[in-house]
Amino acid sequence: MTDAPDPADSPAPDASNLEAARRAKLARLVELGVDPWGGRFDDRQFIGDVRARLGEVVYRLEDGTDIPLPDFANAPDDFNFRQWKADQGKGELVGPQVRAAGRIVLSRDKGKLQFIDIRDMTGDIQLMVGQKQVGDDWEIAQQLDLGDLIGVDGMLGVSNTGELSIFAARLHFLTKSIETPPEKHHGLSDPELRQRQRYLDLTYTEGVMPRFLDRTRIVASIRRTLAERNFVEVEGPTLHAIAGGAAARPFTTHHNALDIDLFLRIALELHLKRLLVGGVERVYELGRVYRNEGISPKHNPEFTMLEVYQAYGDYVAMMDLTEALVCDAIKARRAGGMSPLLTGATSDADNSSGSNKQGADAPRSPYLLPWGDATIDFTPPFQRKTYAELFAQHAGVDPDDEAAVAKLAKSLGIETAGRHPDVIKNDVFEEKVEDALVGPIFVTDYPASICPLTKRKRDNPAIAERFELFVEGMEIANAYTELNDPDLQEELFKSQLAGLSEEDSMAKMDHDFIRALRHGMPPAGGLGVGIDRLVMLLTNSQTIRDVILFPLLRPER
RNA sequence: GCUCCCUUAGCUCAAUUGGCAGAGCAACUGACUCUUAAUCAGUAGGUUCAUGGUUCGAGUCCAUGAGGGAGCACCA
């Protein structure tokens, strides 16, 4: 038995006696002939599914009569299950045989009986491990630490206090943890630790696993909604020779064999439009883009973007699609579902944290979602208002009155000299209007000059057929009637590039994209959705880092 | 890149005006076959983020640096 950690094995020289104690137990397991790193463990059931079998547990009298269990949840405080069983007559609890596995998150050692709570992706369940009941495996039970992974075979039953439990018949040691887990009922709270050691955050911090499972459900729902409408999912290149499709600073990299500098993509747009030209009439990509910009509660340098293009559509068609994507995602998240394994305790967690949707009275609308202290009402249809309308309403100035807009801009400290009136107007819009948009609201019909990839309104070339969806001041979606006039597109690119400094003009003219348009891109609606921000809203997360598993951090030293 | 705030035991947090660095959980020893933040008795655990400085004395004050957070800037 090795009491002290082998210096070669433990990187930290001061690795406390906490690790030594765990290594001692590990060594003891080896002595017992148990592999401390486990192996394949077939036929286990998810804990959520095991818990769902509570109804199969009965009290069986000696004459074979099965009596259903009492309703513990609604029993009086002084209810005594032991007494109840005695009152029914001589008999025993009978339940299904189950096999589960998970991480030990709590244990209460009571002499020759141990209560151990294990946790898997779907929830927690209590094990009752008695010396007499598990026989030789009792020796294994003596070597268990919080954080270890174990499997169990046993009968599903209910303890005297009404707690659903697996009455262990066999224990299977699956993996030793030689690190101490976080505090057992607070989890992690230091945001740095939560992000750097997301593996701990997921298991131990309340709400984290359900939130990331919700993210998966939302993304799956989006793909399903698009598939139902015959959109084709594709994967464009992430290494671009020209980083186009948005105005953002790209990350640069280098290909050695070709000896060329490349950029990580900042948008999906230009390749998807090439596919429209190629005849992929309904196309989308849901994937990562990279922007070499600041980090904030709403920005991570890499984030997930959805872009959708529909031939022969326009921005109004995209508005309807956006509504469907959001509303379907809300329903999918609420339903749990997607896979049976995600139905169990994850939805329990939802219930315990918020309103009990099973409540008999007044079912809450599925479209009312909490957001901090507020509630967002996603009931469709979402509001639709024009940019000009909102500008007049919130800035208190006629957007067409350039002098008045400029005056207001100056009073807000916005630079006006030598800048295009529409750019000034948009600065005012961002300053005065966006924060006031509680939403969800579609802001439509933007000034054309700030929308270089957008088709103008037929009856008013100063206005672009564009909308943005705002919720709680956050921009969630951005859509256009796509510009498909190659000559105009080229001109707009040029004038856009002309205004940029050398450093900022990494976006170069994409001649092949223009060439593609010259071959004829169908008139189309196009939509971009910031998936991370959508997930933030639907999961009541105030920072993007809570919906990205591994947000960018400086490396540890 | 700028401004402000935070960093104390493995985790969650205390520490009065600058005056002996503490608690809970986790760990260790012991008791307990229906506990559930189990309980009870005992033991051990610290480079107070780092490096300098002021002081008789620094977790506390000052400077610089590191990491994190919020805001700004950036971000059609």
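Lettering follows sequence order; numbering is per chain, from 1.
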Nearest whole angstrom, please: distance from the [atom2] of [N] to the [atom1] of [X].
X	N	atom1	atom2	value
A/D145	B/A26	CG	C1'	10 Å
A/E183	B/A9	CD	C1'	13 Å
A/E192	B/A66	CD	P	14 Å

Seminar exercise, completed: Out of B/U12, B/U33, B/A38, minimum distance to the side chain of A/K112 belongs to B/U33
Exercise. Out of B/A44, B/G69, B/U33, which nucleotide sits closest to the side chain of A/L113?
Worked result: B/U33
Exercise. Pick the nucleotide of RNA chain B nearest each of A/R82 and A/Q542; which residue has the one closer to the 5' end?
Worked result: A/R82
Exercise. Can you check whether A/R108 has a side-chain N or O nearer than 4.0 Å to OP1 or OP2 of B/U35?
Worked result: no
Exercise. Hey, does the side chain of A/T180 come within less than 4.0 Å of B/A27's phosphate (OP1/OP2), counting only N and O?
Worked result: no
Is [X] touching bases, backbone alone, or none of the nucleic acid, heavy atoms closer than 4.0 Å?
X	answer
A/L453	base
A/K85	nothing
A/R466	sugar-phosphate

Do [X] and [Y] have side-chain heavy atoms sitting under 4.5 Å apart?
X	Y	value
A/K298	A/I544	no
A/L390	A/I441	yes
A/K425	A/Y446	no

For this session: State the dot-bracket string of RNA chain B. Criteria: Watson-Crick or G-U wobble, both atom distances under 3.5 angstrom; notation: ( ) intrastrand, [ ] crossing earlier pairs, | interstrand, . unpaired.
Result: (((((((..((((.....[..)))).(((((.......))))).....(((((..]....))))))))))))....
For this session: State which residues pass ring-ring contact (aromatic ring centres under 6.0 Å, His included) with A/F442; sequence neighbours excluded, sorted by chain then number.
Result: A/F382, A/F467
Problem set entry | Strand contacts (RNA chain B) in residues 129-144 of chain A, 4.0 angstrom heavy-atom criterion | A/K132, A/Q133
